[in-house]
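Since the model is a prediction, treat every value here as computed from it, not as a measurement. Chain naming here is simple, since letters A, B, ... match the order of the sequence lines and numbering starts at 1 in each.
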2 protein chains.
Amino acid sequence: MDLDLDTVRTFVAAADAGQFQEAAAELAVTQQAVSKRIAALERNLGVRLFTRTARGAELTIDGQAFLPHARELLRVAERAVTSVRTGRRPLRVDVIASRGAATGLMRGFHRVYPDIELDVVMLFDIDTAVAAIRSGAIDASFRAVAMPGRPLPEDIESVRVLDEPLQLLTGPAHALAGARSVTVAQLAGHRIWMPGVVPGTEWAAYYDDLVAEFGLTIEATGPNFGSDALLDTVADTPALATFMGEQMRLVWPAGHGLRRIPLTDPTPVYPHSLLWHRDNPHPALATLRAHLAAAAAGLDAAGTWTPNWVTPR
Amino acid sequence: MDLDLDTVRTFVAAADAGQFQEAAAELAVTQQAVSKRIAALERNLGVRLFTRTARGAELTIDGQAFLPHARELLRVAERAVTSVRTGRRPLRVDVIASRGAATGLMRGFHRVYPDIELDVVMLFDIDTAVAAIRSGAIDASFRAVAMPGRPLPEDIESVRVLDEPLQLLTGPAHALAGARSVTVAQLAGHRIWMPGVVPGTEWAAYYDDLVAEFGLTIEATGPNFGSDALLDTVADTPALATFMGEQMRLVWPAGHGLRRIPLTDPTPVYPHSLLWHRDNPHPALATLRAHLAAAAAGLDAAGTWTPNWVTPR
DNA sequence: ATCGGCCACAACCAGCGGTTGTACCTCTAG
DNA sequence: CTAGAGGTACAACCGCTGGTTGTGGCCGAT
């Protein structure tokens with residue numbers, strides 16, 4: 001069984017017209033073609049959709065039930081096409097990780113502006129994102145930090161939109177597992193494991209600064225086998241802990257007793273910025289920027305830490 | 001431009017597999033067929049969806065943006081097909097008029113149980129509805145009243161689920177237009193116009209009883225040109241008023257100054273009942289009945305009027 | 001440098017889905 | 001009652017879409 005959108009369109013036209021002939025005229029085909037399409041659709045679905053009368057065709061109950069689904073199908077097909085049509089396409093935003101803070105911000109935006117069509121993609125790194133912004137392939141990008149000593153191109157604008165506090169993630173047997181909160185100084189001497197942090201990226205620079213300033217021990221070695229494997233290991237290893245953004249949503253392994261512990265004194269935060277092209281005329285981009293600016297106005301930098309090279313607020 | 005669902009399915013399979021060969025194997029076609037389908041899709045959309053590499057094909061940014069729409073399209077197509085598949089199909093409910101109280105009840109049900117799939121149809125009269133319930137073409141029907149002296153067949157069960165108060169609808173120049181509420185007795189001598197009430201139906205019987213008991217003047221004559229025409233006429237004719245269910249949502253003609261005036265002493269109510277087949281095993285039907293029973297428990301019959309032949313509460 | 005894995009292009013062919021022509025049904029008008 | 005209008009279905013025909021097999025080219029790994 002496979003629906004054919006042309007046939008579905010024919011069905012909707014016939015249902016609206018109340019007869020095959022008129023639908024055929026609208027669709028610029030012969031009445032016989034419509035008759036055959038509907039017959040094929042009915043054969044495929046295994047139900048009768050119209051009762052043929054002397055002055056047309058009217059929907060059966062099955063046809064009535066099918067009609068809204070058919071309309072929805074055409075709507076979705078239309079949206080799918082416009083999602084890749086250049087010009088008046090949905091706002092296309094790149095987020096850094098599907099469960100991170102950027103996704104949360106976009107969800108919040110969508111709640112406030114449900115009528116603004118959005119497409120979300122995930123690019124590999126900030127260089128790809130900047131190139132995509134310049135080429136117009138995307139309209140905006142959430143990036144955690146700017147690289148030290150490497151300013152953005154002049155035609156790319158950016159603004160800090162969210163500071164996401166870092167939390168410590170430990171297993172139940174970890175020495176700090178019972179703490180309600182932990183100061184950064186207390187972490188000295190504990191092993192912090194951050195696999196998958198690629199040297200040379202903004203993340204590596206961020207943790208390098210954190211280590212240098214507070215004398216932590218961060219092991220960035222080892223390949224990233226995915227967050228599931230990371231969580232399993234942390235849960236089972238009393239001597240290991242890791243960092244994680246406060247808003248990161250996890251597929252929480254049941255019964256592992258993992259703890260999320262806030263960091264204080266100061267609280268290291270991931271600075272999230274929105275990047276876009278100076279000349280991008282997409283109307284929804286202005287709305288997004290205004291929305292995020294309003295949301296960011298409530299941020300409080302007191303007691304937080306970031307490397308000194310990040311984009312200022 | 002017209003999407004082909006088979007092609008879209010191929011696109012999703014290729015995106016998931018990361019290469020055309022594996023997608024081809026899953027779809028039981030040759031690699032060349034997949035290649036041609038994707039090429040055709042890209043040509044139709046006017047964008048490149050994959051970048052071909054030596055070890056497969058990975059999504060472009062456009063491809064990433066298109067992917068969720070493609071998945072959605074397949075989901076909707078799947079739902080469309082199941083909506084007419086016998087067995088495990090969505091709960092199919094007949095409502096008496098698209099903007100009436102029954103629709104409101106179903107919306108409330110959908111809010112509480114958003115995961116229960118629903119299809120709503122509108123049948124012509126109670127006889128059609130009963131036949132459809134007995135044949136299994138629909139699972140339940142909202143009907144306003146039972147006919148006097150014509151009990152439901154034994155295999156059809158029903159329960160009162162809502163009493164919808166009647167309101168008076170007048171134009172701005174009507175004698176009662178300024179009233180906050182109107183007693184039924186005050187209506188004596190005023191012309192109430194109810195075009196489109198077909199003699200012999202439950203509606204006709206309802207208004208016959210109302211007339212007989214309170215001495216009103218109801219004109220049921222004339223064809224029904226639709227609610228728009230009715231509203232226009234009522235708005236422009238000082239001597240005319242009509243009845244309307246409290247929950248009826250109207251396409252309110254702007255600037256016509258129409259007034260909805262509650263009726264009291266007593267308040268005539270449309271009794272809405274849910275009808276279903278004794279032996280219908282659809283699990284969602286039990287949920288709907290329980291939901292409506294809970295909602296109906298809060299009804300208060302004090303000060304209301306119905307004909308004495310309606311299904312008791 | 002060669003091999004393996006993957007995608008694209010070419011040639012071919014079956015069948016889907018269109019067209020025209022016609023039959024049949026039903027309601028209505030004379 | 002009959003004839004005509006308006007609507008749908010069936011039959012025959014055919015072009016083109018979309019599959020197949022065969023083959024070549026590209027890229028990365030050994």
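At a non-hydrogen distance threshold of 4.0 Å, A/Ala54, A/Arg55 from residues 50-62 of chain A come into contact with DNA chain C.
Heavy atoms of A/Gln19 sit under 4.0 angstrom from primed sugar atoms or phosphate atoms, though from no base atom.
Note that the two end axes of the helix from C/dA1-D/dT30 to C/dG30-D/dC1 enclose an angle of 20°, each drawn from 5 base pairs, rounded to 10 degrees.
Under the side chain to side chain donor-acceptor pair (under 3.5 Å) criterion, A/Thr10 pairs with A/Arg37, not counting sequence neighbours. Not a single side chain to side chain donor-acceptor pair (under 3.5 Å) links A/Thr60 to another residue, sequence neighbours left out. Residues satisfying the salt bridge (Lys or Arg N to Asp or Glu O under 4.0 Å) criterion with A/Asp208, sequence neighbours excluded, are absent altogether. By the side chain to side chain donor-acceptor pair (under 3.5 Å) test, A/Asp139 is found to be paired with A/Asn280, residues two or more places apart in sequence or in another chain being considered.
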Each nucleotide of nucleotides 10-23 of chain C classed B (base within 4.0 Å of a protein heavy atom), S (only sugar-phosphate) or -, in 5' to 3' order, makes --------BBBBB-

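For residues 76-95 of chain A, no pair satisfies ring-ring contact (aromatic ring centres under 6.0 Å, His included), with sequence neighbours left out. Screening residues 127-137 of chain B for side chain to side chain donor-acceptor pair (under 3.5 Å), with sequence neighbours left out, gives B/Asp125-B/Thr128, B/Asp127-B/Arg150, B/Arg134-B/Asp155. The list of ring-ring contact (aromatic ring centres under 6.0 Å, His included) pairs with a residue in residues 52-71 of chain A, not counting sequence neighbours, reads A/Phe11-A/Phe66.
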Show the atom names and distances, to 0.1 Å, of all donor-acceptor pairs under 3.5 Å that link a side chain in residues 19-28 of chain B to residues at least two apart or in another chain.
none

Using atom types as modelled, flag every donor-acceptor pair under 3.5 Å from a side chain in residues 49-57 of chain A to any protein atom, sequence neighbours excluded.
residue	atom	partner	partner atom	Å
A/Thr51	OG1	A/Glu58	O	3.2
A/Arg52	NH1	A/Glu42	OE1	3.3
A/Arg52	NH1	A/Glu42	OE2	2.9
A/Arg52	NH1	A/Phe50	O	3.1
A/Arg52	NH2	A/Glu42	OE1	3.1
A/Thr53	OG1	A/Arg55	N	3.2
A/Thr53	OG1	A/Gly56	N	3.3
A/Thr53	OG1	A/Gly56	O	3.2

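Between B/Leu27 atom CG and D/dG18 atom C1' there is a gap of 14 Å when expressed in whole angstrom units. Rounded to an integer number of Å, the gap from CZ of A/Phe20 to C1' of D/dC10 is 14 Å. Distance, B/Ile38 CD1 to C/dC9 P: 14 Å, rounded to whole Å. D/dC26 atom C1' lies 14 Å from atom CD of B/Gln21, rounded to whole Å.
Ring geometry, B/Tyr206 versus B/Tyr270: the interplanar angle falls from 30° to 60°, so the pair is classed tilted.
By the 4.0 Å N-to-carboxylate-O rule, A/Asp62 lies close enough to B/Arg92 to be salt-bridged with it.
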